[in-house]
Amino acid sequence: MNKDKALEELFLAQTPHFDDQDTFMASLSQRLDAVEYIKQHQEATLRRYKLAMVVAFLAGIIVGGIAIAYLLTSPTDVPVFNFDTHHLFFLEWLCGNSRLVTVTAISLLLTIGIISFISNIQELMSMRHSLQNQRVSL
């Protein structure tokens, strides 16, 4: 509480001096132009991020769909990967269920991609909202 009072007194004690009105207005105008440039740059960056996310999302869906379609249409008696070993039970089981393991891995990767996509969209929306709030406050 004392800090607030001290800050308030400090600000009240300050009296700005405006010697030349034209110089002050030119400086203020220059600063406002710089702020506007930064806002435009942030908005352009947000647009680029959105475009990149949409492209990555669509590419992931297409590649994942193609991979799953390939796995489901290829012959079922041929494993996707083979370790050529008959001594370790886990590796034999993995080779025998290679299709199921591969489809599950692709589905998990697509799920993680979709979740991160939605998270990034929410982050961008909050950034846009904060930019709009800053614009309104100025």
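Predicted, not measured: the structure shown is a model, and the values here were computed from it. By convention here, the first residue in the shown sequence is residue 1.
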Exercise for review: Please name all residues satisfying side chain to side chain contact (heavy atoms under 4.5 Å, CB included) with S116, sequence neighbours left out, ordered by chain then number.
Suggested key: none

Check your understanding: Any chain of hydrophobic side-chain contacts (each under 4.5 Å) joining L58 to I61?
Key -> yes

Check your understanding: When rounded to the nearest 0.5 angstrom, what distance separates CZ in R47 from CG in L51?
Key -> 11.0 Å

May I have the list of side-chain donor-acceptor pairs in residues 102-112 shorter than 3.5 Å, sequence neighbours left out?
| unit_1 | atom_1 | unit_2 | atom_2 | d |
| --- | --- | --- | --- | --- |
| T102 | OG1 | S98 | O | 2.6 |
| T104 | OG1 | L100 | O | 2.7 |
| S107 | OG | V103 | O | 2.9 |
| T111 | OG1 | S107 | O | 2.8 |

Check your understanding: What is the distance from atom OG1 of T45 to atom CD of Q40, rounded to the nearest 0.5 Å?
Key -> 11.5 Å

Exercise for review: Report the C-alpha distance between M25 and S29 in whole Å, list the side-chain angles of each, state the deciding distance to 0.1 Å, and finish with yes or no for side chain to side chain contact (heavy atoms under 4.5 Å, CB included).
Suggested key: CA-CA 6 Å; M25 289 305 290; S29 176; over 6 Å; no

